[in-house]
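A note on names: the letters A, B, ... follow the listed sequences, proteins ahead of strands, and every chain is numbered from 1.
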Amino acid sequence: MSRAAKATRRYPVVESKPDFAAIEAGVLEGWERGGIFQASVDQHPAGAGEYVFYDGPPFANGLPHFGHLLTGYVKDIVPRYQTMRGRRVERRFGWDCHGLPVEMETEKALGISGQKKIVEYGIDRFNAHCRASIGKYTGEWERYVRGQARWVDFKNDYKTMDLSFMESVMWAFAELYRKGLVYESYRVMPYSWAAETPVSNFETRLDDSYRERQDPAITVRLELEPRDGDETKTSILVWTTTPWTLPSNLAVAVGPEIDYAVLELDGERLIVGAAARGNYEKELAGAREVGLVKGAELVGRTYRPLFAYFADRDAFRVLAGDFVDTEEGTGVVHMAPGFGEDDQRVCAENGIEVVCPVDEQGRFTAEVPDWQGLNVLEANKPIIAELKRRGVLVRHDTIVHNYPHCWRTDQPLIYRALSSWYVKVTAVRDRMVELNQEIAWIPEHIRDGQFGKWLEGARDWSISRNRFWGSPLPIWRSDDPAYPRIDVYGSLDELERDFGVRLDDLHRPAVDSLTRKNPDDPTGKSTMRRVEDVLDCWFESGSMPYAQVHYPFENKDWFESHFPGDFVSEYVAQTRGWFYTMMVLSTALFDRPPFKNAICHGVVVDENGKKLSKRLRNYPDPEEVFATVGSDALRWYLCSSPVLRGGDLRVDREGKGIAEMVRLVINPIWNAYSFFCLYANADGIEAEPRTDATGTLDRYILAKLRALVEDVQRDMDGYDIAGACASVRSFLDALNNWSIRRSRPRFWKTEHDQDKREAYDTLYTVLCLLCRVAAPLLPLMTEAIYQGLTNEKSVHLTAWPNADELPADPELVADMDLVRAISSVALGLREDKRLRIRLPLAGLTVAGADAARVAPFAELLRDELNVKDVRTETDLHAFGDFDLKLNARALGPRVGKRMKELLAAARGGDWKRTDDGIRVADLDLEPGEYELAFVPKAESQGSAIQAVPGAEVAVVLDVRLTPALEQEGLARDAVRLIQIARKQAGLHVSDRIRLRITANDESQQAVGAHADWVREQTLAESLSFEAPSGYVHEAELAGATAAIGVEKV
RNA sequence: GGGCCUGUAGCUCAGUUGGUUAGAGCGUCCGCCUGAUAAGCGGGAGGUCAAAGGUUCAAAUCCUUUCAGGCCCA
């Protein structure tokens, strides 16, 4: 046989529907064996061309979920792309080691809880346990990160508990202090009494921290001190959901612009927000309205204290508050400045001092002797009972509301005044707002929306935590207020200078043991001791850009020339978290933004828009997805979706949407590859990269490929990953469903001629380049394909393709796309007439001004549409008429108000051709202001006519049948059945066969008349109408059963 | 209460600086095609572009208000 070369097999034997997950696993192994990741980084030198990527440190506890995977994919795609663009992109993984989560877990593991117990247990042992627990989840993280094919440097990672990291954090703190940006203050903060620590803004917002809780909601009356002229006892009604704060009540607030009704009931006057009156229908039944006053008129009045504990204070006044509303409660807000942020602020503005009779564990102190030692939440009940006994309780309800809980201990938080250290964010706020303008946010609205607005409203940041496992506050203070002194340290050297000790661990308790005599105390009795608090761990993650390189103690030049970083990506809520803390510290320390580009992606939710929850199992298991449909399909699913534009992404429970990506993207690209391998192996051809093929199909797909490279490059440079996915997908369609499909005969023809060679070389070139372009988006599949095609080490070690090396041919692309449109219309006409495509038709005429453009493709159209003859005809008038279509966009600005009238005229046919164009009504049109749309005549003389949308061309199909055409159609039907038989018999596409057919006379005559052609099409060495042998396939042909026997030669 | 985002086909979403008859994928129905692709192609049905008002010759697009959902802040 002529295909002797079949023996050589240069390309893998590729299954058409392989186990993609297994292929991916193989690629992952290969990468590890070959050290490909490291090689991809190392191939570009460090220095000026570096692309700086900041990987935000996740908490080193808890397992990753779909949201993390999405972030991970984004964090992988961009660095892979930049690497291919020639940049060195290091990807150090970071671990956030400190903070409450670790401490709480350790408390649980040790079976101890509370500050006292920890101190008793020993801070050194406690912290040693914290340190040891850090490694617990790292294994799982690494497994997920590996499974998603994300390239990350775990070996050269950084940890926030490393000495070098902590020293940089210490430096940053001292630097802020020296700039006057750190101060201590006594303030109300969210506080976890169970964990005995204040909680940062951010921590109150972590998943599930807001939860429904049932609380009492009580309304009490406060008796106003009489004013001159008051005869009747007057009370004001206040509402609260925290009765335990009433003993600390020092004021009430009203809205100055809000209307308050003065009601008379049973001889007493009651004041309540006019709009809130409806909330108390029962209690106020029978009340008579005797007046209506603005809140402002009430401001300044005083009332009798509800409890005696603080009755000696200068307080108990009605104040104005801008936060008061009448939606809930009475429109009058009770103020306990020790337990509410608004309360504290408004009271401070009015000279009312804070009282805070609650201890660290949330129990009343001796200042409230009646309930001393009782947890405040448990004190609600007896307090309400007391109020009832005294007859001041107007109403007692319970309400179910969203209330913040300590995310570690699960106990409700309280708000409580305490002493804390602050970063004076307000001092750099305006500058942050300015620097933020230099950051490119994706999506864009984040810049002036969610992030920008948050910056504008930035408040000072509480950074001290009364805990154990964290970076120490590097503040030493005199223990005798008579001789005050504060020292803040910014390095190990400075500590060594003053304390004579070189620490190799900055954690407590070692750092606490550093003390010295207070130099400012002539008596020599007082001692400098460290302020015991540790830093908020968000201060550490915000310090990551410089702390990970131990700036300024090491890498000084590098950092200063590589800051801000190029790229970060996290989910949108990090505008309050990591993005924000980086911004604060970067602005305060360096007067620069911390990064140049940021992708804020949205949240992955379930099919009903609910949060993903492990407990509800409302999402597919990621590892299961890796193992079945594969990581690349998941990557594509997540990264081609609107979640990258900041919206939500709904994932159905079974992961059908993910599996769909296999069908839409993975399969098509794999099919193109397997097609190539199948025929190249059969032909024994080794293809060469080249871009100079002459055939129109080749030039077409090469030009499309050039556009693809340009498009994806543009998309990726703009961090539009979803756009890049869309570009790749539309290219795949042109490749598979036009270029390859139309080229098939070129691959399976017998002659090894120039055309065949070009077909192989072009397809090979296109596939190789497609792999490179799609490599960041489908790193595993493109790797498998690229290696199969080239035997090279890795597609990820190649450079980004240069579009200029591919031929540009916009005209050809436009013409070919017109050919595709014409085909589409012609196939539509066939369907209208119920003329199957295997039935040849006599002819097709392409008529109109654009017809000349498709003349070179007549052969292609003939084959695609199965017609005997394709003609082009520039004159359309024989086939129909034209409608005038005005281009409103072009014409509108010129004619303005007349537009409507002209549109009506054009539609109504009130127009004519003039010597040099078109005149509608009395107006001459300029070129570009109109189009002529062809309207075909009703069909005549056996023709079907249809205009092609978007072009000045119409398709005229000859629908007249002849016996010869019908016979040929029948022969084609027979060939189709023979091909099915071949496939069912399990034959290879290049196997030769003996063919035996029995069918009705009509069919046998048809096959006989085209015997040569049938044999050629089916690789049959012989054809006879005998009783079939070998594999026999029975099917209907020309209304009777035909039996087809194929037998391998 | 405030800020930001979203609301377009049964579902998921596009829709450029306003421009004529609002698109794609999935699903569905009908048909076609197949020597890689249990795949592909063509077509049909399916929309008061959340609602109302305004600006304009012209509004899914701009403005105002309202409604619904999400995120965040209070």
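Between B:G31 and B:A22, the distance separating the two C1' atoms is 27 Å to the nearest Å. The same atom, P, is picked in B:U6 and in B:G46; the two are 30 Å apart, to the nearest Å. Nucleotides B:A74 and B:U48, compared at atom P, are 41 Å apart to the nearest Å. B:U16 and B:A68 are spaced 28 Å apart, taking the C1' atom of each and rounding to whole Å. A distance of about 6 Å separates the C1' atoms of B:G18 and B:U61, rounded to the whole Å. Taking the P atom of each, B:C29 and B:U34 are spaced 23 Å apart, rounded to whole Å. Taking atom C1' on both B:U17 and B:A60, the two are 16 Å apart, rounded to the nearest angstrom. A distance of about 12 Å separates the C1' atoms of B:G10 and B:A45, rounded to the whole Å.
Proximity note for A:Trp748 (side chain, C-beta onward) versus B:G35, B:A36, B:A74: the nearest is B:G35. Nearest to the side-chain atoms of A:Gln979 among the listed nucleotides B:G35, B:A36, B:C4 stands B:G35. Nearest to the side chain of A:Asn671, among B:G3, B:G25, B:U37, sits B:U37.
Rounded to whole Å, the distance from CG on A:Leu977 to P on B:U34 is 10 Å. A straight line from CG of A:Asp683 to C1' of B:A36 spans 14 Å, rounded to a whole angstrom. One atom, CE of A:Met661, and another, P of B:A39, lie 15 Å apart when rounded to the nearest Å. As rounded to whole Å, 10 Å separates atom P of B:A38 from atom CZ of A:Phe20. One can place CH2 of A:Trp738 at 22 Å from P of B:A39, the figure rounded to the nearest angstrom. Distance A:Leu987 CG to B:A36 P: 13 Å, rounded to the nearest Å. A straight line from CG of A:Leu865 to C1' of B:C41 spans 12 Å, rounded to a whole angstrom. Rounded to whole angstrom, the span from the CZ atom of A:Arg729 across to the P atom of B:G25 amounts to 8 Å.
In this structure A:Asp715 satisfies the side chain to side chain contact (heavy atoms under 4.5 Å, CB included) test together with A:Asp720, A:Ala724, A:Ser727, sequence neighbours excluded. In this structure A:Arg744 satisfies the side chain to side chain contact (heavy atoms under 4.5 Å, CB included) test together with A:Phe675, A:Arg741, A:Trp748, sequence neighbours excluded. Shown here are the side chain to side chain contact (heavy atoms under 4.5 Å, CB included) partners of A:Glu1016, two or more places apart in sequence or in another chain: there are none. By the salt bridge (charged side-chain N to carboxylate O under 4.0 Å, His left out) test, A:Arg746 is found to be paired with A:Asp698, A:Asp755, residues two or more places apart in sequence or in another chain being considered. Legend: residues meeting ring pair (Phe, Tyr, Trp, His ring centres under 6.0 Å) with A:Tyr1031, ordered by chain and number and at least two apart, are absent. Contacts of A:Phe731 classified as ring pair (Phe, Tyr, Trp, His ring centres under 6.0 Å), with partners at least two apart in sequence or in another chain: none.
Within the 4.0 Å cut-off from OP1 or OP2 of B:A36, at least one side-chain nitrogen or oxygen of A:Tyr679 is found. Not one side-chain nitrogen or oxygen of A:Lys983 sits closer than 4.0 Å to the OP1 or OP2 atom of B:A39.
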For nucleotides 27-33 of chain B, tabulate all protein N/O to nucleotide N/O atom pairs closer than 3.5 Å, reporting atom names and distance.
from, atom 1, to, atom 2, distance (Å)
B:C32, O3', A:Ile837, N, 3.3
B:C33, OP1, A:Ile837, N, 2.8
B:C33, OP1, A:Arg838, N, 2.8

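A 4.5 Å side-chain heavy-atom check between A:Tyr580 and A:Val425 finds at least one atom pair inside the cut-off.
Using bins of under 30°, 30° to 60° and over 60° for the plane-to-plane angle, the ring pair A:Phe451/A:Trp441 lands in the tilted bin.
Residues A:Asp683 and A:Tyr760 bring a donor and an acceptor atom of their side chains to less than 3.5 Å of each other.
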With both pairing distances under 3.5 angstrom for Watson-Crick or G-U wobble, and | for a partner in another strand, the correct string for RNA chain B is (((((((..((((.....[...)))).(((((.......))))).....(((((..]....)))))))))))).
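Screening residues 661-678 of chain A for side chain to side chain donor-acceptor pair (under 3.5 Å) gives A:Glu660-A:Arg663 as the qualifying pairs, with residues at least two apart or on separate chains.
At the heavy-atom level, A:Asn667 lies nowhere under 4.0 Å from the strands shown.
Between A:Leu664 and A:Gln1017, the residue anchored closer to the 5' end of RNA chain B is A:Leu664, taking for each the nucleotide with the nearest heavy atom.
Between A:Ile837 and A:Asn866, the shortest heavy-atom distance links the atoms O-ND2, 2.6 Å.
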